[in-house]
Amino acid sequence: MMEDHQALLMNTDGDEGLGFGEEGLDAKDRLRHPIVAFFHVFFRAAAIIVYMLCGWTGAGFVPSFVTVVILLSLDFWTVKNITGRTLVGLRWWNYVDDDGISHWVFESRKGARAGGRPQERRVFWGALILAPVVWFFLFMSSFFTFRFQWTILVVLAMALSGANLYGYIRCKLGHKPGIADATGILHSGLQNVIFNRATSATTTDATAQAFTAPAHVV
C-alpha cells in the first residue's frame, strides 16, 4: 500500500546567509549555487554524450553500458537529493513505516526564497525537462534502427530521468492523482476481485457438495 503526502519544508532563509554584497540590480540574475547547478547539468549531459559517442565510434557494448549506467545513477542521486532542494527548494522521497506501508512525500520550501532564483530555476527545470526529451528521441533512433541492446539502456535512462521529473512536478503542483494513486487503486481493485472470486468459488463448491451428497436412510 502506498500513501502520498504534500508537505512544506521549514523556512530555511537563514541557512543561506543574509546575502551581504549582493545588493546590485543583477543579484537575482546570478547563480547562488554555481557548483550545484554545474553538477545538475553535468552528469545527465555526460551520460547522453557518452552514449552517442559509443554509438558513433563502435565501442564495446558492455563498457559503454556500465559507463552510462554509472553516470545515470550519479545524476539520479544528485538531482533527487541535492540539486532540487538547493536550487528550487523542492524535495521528494519515500519511506516505509512499521506496518509495511510505503509513503511518498513531496515537499516544497516556504518563505521568501521559495522556488529559488530565476536563473537557477531556469537551469534546474531546463535540464530536468530536456534530458527525458533527448532520451526519447534516442529511444526512437535505436528502436527503428534495430539496435535493441542499446534500446534497453535508453529505456533505463528514460525511467531514471522521468522519475525525477515526475517527482518534482508533484512537488511543484501539489498532490494530484497520479501514477502512485492509480497503482494503489488498481492494487486494491485486484485484491477485491480476487477475494470476491475466491469467496464465490468457495460458496459454489459448498452448495454443490450439499446437493450432490447421498441421503442417509434412517
Hey, does V79 have a side-chain heavy atom less than 4.5 Å from the side chain of H40?
-> yes

May I ask you to test the S73-F43 pair for a side-chain heavy-atom distance under 4.5 Å?
-> no

Determine, using the 4.5 Å side-chain heavy-atom cutoff (strictly less than), whether M140 and F143 are members of one ILVMFWY cluster.
-> yes

So, does D75 use its side chain to make a donor-acceptor pair with the main chain of L71 at under 3.5 Å?
-> no

Roughly how far, to the nearest 0.5 Å, is OH of Y166 from SG of C171?
-> 10.5 Å

Which of parallel (below 30°), tilted (30 to 60°) and perpendicular (above 60°) describes W92 and F76?
-> perpendicular

Intermediate values then yes/no, side chain to side chain contact (heavy atoms under 4.5 Å, CB included), C54 and F61 = CA-CA 8 Å; C54 290; F61 175 74; over 6 Å; no

Any side-chain heavy atom of S142 within less than 4.5 Å of one from Y51?
-> yes

Would you say F38 has more than 12 foreign heavy atoms packed within less than 6.0 Å of its CZ?
-> yes

Check the pair T83 / T78 against side-chain hydrogen bond (donor to acceptor under 3.5 Å, both in side chains), numbers first and verdict last.
-> CA-CA 6 Å; T83 63; T78 302; over 6 Å; no

Nearest 0.5 Å, what's the CD1-CD1 distance between I169 and I129?
-> 6.5 Å

Hey, does the side chain of R109 reach the backbone of L90 with a donor-acceptor pair shorter than 3.5 angstrom?
-> no

Supply the atom-to-atom distance R91 CZ to T86 OG1, rounded to the nearest 0.5 angstrom.
-> 10.5 Å

Step-by-step side chain to side chain contact (heavy atoms under 4.5 Å, CB included) determination, Y168 to F106 | CA-CA 8 Å; Y168 283 116; F106 304 92; over 6 Å; no

How long is the span from the CD1 atom in I82 to the CG atom in L87, to the nearest 0.5 Å?
-> 10.5 Å

With the side chain counted from C-beta on, respond yes when S161 and W135 share a heavy-atom pair under 4.5 Å apart, and no when they do not.
-> yes

Does any non-hydrogen side-chain atom of L128 lie less than 4.5 Å from one of R44?
-> yes

Once the angle between the rings of F148 and F146 is folded into 0 to 90°, is it parallel (under 30°), tilted (30 to 60°) or perpendicular (over 60°)?
-> perpendicular

Can you tell me how far the CD1 atom of I101 sits from the CG atom of D97, to the nearest 0.5 Å?
-> 5.0 Å

Considering only heavy atoms from C-beta outward, does the side chain of V36 approach that of L31 to under 4.5 Å?
-> no

Output the distance between atom CH2 (W125) and atom CD (E120), rounded to the nearest 0.5 Å.
-> 14.0 Å

Validation row: V105, N94 side chains within 4.5 angstrom (heavy atoms) | no

Hey, does L160 have a side-chain heavy atom less than 4.5 Å from the side chain of N164?
-> no

